[in-house]
Amino acid sequence: MNAAVDSKVFKANRLNAGLDPEHMPEHIAVIMDGNGRWAKQQGFMSRVRGHEVGVEALRRITTASAELGLNYLTVYAFSTENWNRPKAEVDALMNILMTALEKELPTLMGNNVRLCAIGNVETLPSKANKKLMSVIQATAKNDGLTLTLALSYGSQDEMVQAIRKIAQKVAEGTILPADINEAAVEQHLFTAGMPHPDLMIRTSGEQRISNYMLWQLAYAELYFTPVLWPDFDATGLYDAIAAFQKRERRFGQTTEQLTAE
Ligand code: IPE
Ligand code: IPE
Ligand code: MG
């Protein structure tokens with residue numbers, strides 16, 4: 001199937017899914033969870049198979065998001081806490097990251113996707129970090145979807161680093177304590193310049209945030225699905241967006257105020 005036909009199929013799917021093109025989320029954040037349970041369920045001896053198949057799910061969701069015209073997709077790929085997993089699993093995850101970065105560049109280019117990363121990427125093995133930087137550079141001029149990988153990311157750590165940077169500026173006298181406001185904090189987060197997620201999807205049935213974008217999710221709509229990440233597909237994404245479109249986002253106001261506007 002060529003790209004033009006492919007795009008028509010997706011547009012048709014969007015209509016079939018009943019999505020309202022006027023109320024699409026600008027930014028979707030995803031906690032890609034359930035790889036280990038998927039591998040177990042399928043009878044694989046190792047959890048690693050789930051991570052490998054999880055890359056395919058990420059490709060599907062990235063392509064579907066690009067076809068829907070979303071601006072930002074930010075996925076939790078490896079948390080600061082995930083370093084505490086058995087070394088063999090951490091090593092396997094780093095190898096999968098390397099292989100995926102090598103393999104997925106044509107798909108990213110074909111979908112006009114710009115790759116970014118948030119987190120302590122310098123703590124990744126140097127080969128993986130270099131590969132990541134090269135794909136970020138290669139896709140930097142793409143102006144479609146921005147796909148951000150949260151790698152060695154922890155939201156509390158992100159905030160600690162932001163506070164430290166701001167404190168340093170206060171100590172140097174370049175910023176006054178009175179000038180520290182929400183915008184100033186924003187500018188010191190890994191996500192500086194990025195809009196906050198409108199919708200956060202977590203797969204695998206867990207209903208928690210697990211140290212993901214605690215600041216940025218302040219007013220996101222949360223959507224939890226029991227589907228395990230390796231099984232998650234475009235239909236699952238459309239369902240999540242359809243659920244999002246049924247929510248009333250009040251941002252502290254009342255329904256009456258919103259309908260009067
Ligand atoms: C998510 O799947 C991937 C990472 C955290 C790297 P898990 O590996 O957490 O899978 P479960 O939750 O144990 O099934
Ligand atoms: C969150 O999943 C991190 C990623 C998906 C990368 P975890 O599986 O690590 O989260 P917990 O431990 O169940 O909260
Ligand atoms: Mg998990």
Side-chain angles (χ1 to χ4, degrees), residues 27-62 65 72-101 103-104 115-125 127-129 131-132 147-161 189-191 194 197 199-217 220 222-233 236-237 240:
H27 183 177
I28 299 183
V30 182
I31 301 181
M32 310 186 288
D33 198 13
N35 295 351
R37 277 164 285 168
W38 182 91
K40 198 171 176 188
Q41 200 183 67
Q42 300 289 316
F44 292 107
M45 296 294 283
S46 162
R47 295 167 50 83
V48 172
R49 187 74 196 120
H51 299 312
E52 287 168 352
V53 179
V55 175
E56 292 168 28
L58 179 56
R59 188 190 310 123
R60 281 197 297 273
I61 298 310
T62 303
S65 299
Y72 293 91
L73 176 68
T74 303
V75 298
Y76 208 2
F78 193 82
S79 72
T80 45
E81 288 75 22
N82 288 150
W83 289 113
N84 299 324
R85 291 193 177 189
K87 187 179 181 304
E89 183 169 342
V90 172
D91 290 348
L93 278 163
M94 294 303 146
N95 284 331
I96 290 167
L97 172 66
M98 276 284 293
T99 315
L101 287 167
K103 215 174 121 198
E104 302 301 326
L115 189 77
C116 291
I118 53 172
N120 298 308
V121 290
E122 69 290 346
T123 62
L124 299 173
K127 266 171 132 183
N129 188 20
K131 191 78 220 161
L132 177 66
L147 170 66
T148 302
L149 303 178
L151 285 165
S152 191
Y153 174 87
S155 188
Q156 291 179 335
D157 165 68
E158 177 185 39
M159 288 195 241
V160 166
Q161 292 192 45
L189 298 173
F190 290 127
T191 53
M194 209 189 273
L199 169 64
M200 195 286 284
I201 302 171
R202 184 172 189 151
T203 58
S204 90
E206 305 300 352
Q207 301 195 7
R208 56 177 170 262
I209 305 293
S210 301
N211 202 11
Y212 191 44
M213 302 184 95
L214 301 178
W215 172 281
Q216 299 88 339
L217 291 175
L222 307 182
Y223 180 85
F224 300 101
T225 168
V227 175
L228 302 174
W229 177 251
D231 288 331
F232 197 65
D233 60 10
L237 178 70

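Atoms within each ligand, like the ligands themselves, are counted from 1 in listed order.
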Salt bridge check, E52 against R49: does any charged N sit closer than 4.0 Å to a carboxylate O? yes
For R208 and R202, which heavy atoms make the closest approach, and how far apart are they? O-NH1, 2.7 Å
Enumerate the atoms of ligand 1 whose separation from the nearest heavy atom of G36 is less than 4.0 angstrom. 7 (P), 8 (O), 10 (O), 11 (P), 14 (O)
Closest heavy-atom pair and its distance - T99, N95: OG1-O, 2.8 Å
What do you reckon, does R202 have a nitrogen or oxygen under 3.5 Å from a nitrogen or oxygen of ligand 2? yes
Output yes when a side-chain donor or acceptor of Q207 lies under 3.5 Å from a complementary backbone atom of F224, and no otherwise. no
Heavy atom of protein inside 4.0 Å of atom 13 (O) of ligand 2, strictly below: yes
Closest to atom 2 (O) of ligand 1 by heavy-atom distance, out of I96, N35, I31, is N35
Is a side-chain donor-acceptor pair under 3.5 Å present for S204 with W229? no
Please verify whether a non-hydrogen atom of S204 lies at under 4.0 Å from ligand 1. no
Under a 3.5 Å cutoff, is there a donor and acceptor pairing between the side chains of N82 and E89? no
Among all protein heavy atoms in this structure, tell me which lies nearest to atom 1 (C) of ligand 1, with the distance rounded to 0.1 Å. M32 O, 3.0 Å
Establish, from distance only, whether the side-chain atoms of E122 and N129 form a donor-acceptor pair under 3.5 Å. no
Protein heavy-atom partner closest to atom 9 (O) of ligand 2 - residue, atom, separation in Å: N82 ND2, 2.9 Å
Show me which atoms of ligand 2 lie under 4.0 Å from any heavy atom of F78. 6 (C)
Does R47 come within less than 4.0 angstrom of ligand 1, counting non-hydrogen atoms of the residue? yes
Contacting atoms of ligand 2, where contact means under 4.0 angstrom from a heavy atom of R208: 11 (P), 13 (O), 14 (O)
D33, any N or O under 3.5 Å of ligand 2 N or O: yes
Under 4.0 angstrom from ligand 1, any heavy atom of A77? yes
Looking at every heavy atom in both R60 and P230, which two are closest together, and how far apart are they? NH2-O, 3.0 Å
For D33, what is the atom name of its N, O or S atom nearest to the Mg ion (ligand 3)? OD1
Please identify which atoms of ligand 2 are closer than 4.0 Å to at least one heavy atom of S210. 10 (O), 11 (P), 14 (O)
For atom 4 (C) of ligand 1, what is the closest protein heavy atom, and at what distance to 0.1 Å? R85 NH1, 4.0 Å
Could you tell me the separation between the CZ atom of R37 and the CG atom of L228, rounded to the nearest 0.5 Å? 6.0 Å
Answer yes if the side chains of T225 and T203 hold a donor-acceptor pair under 3.5 Å, and no otherwise. no
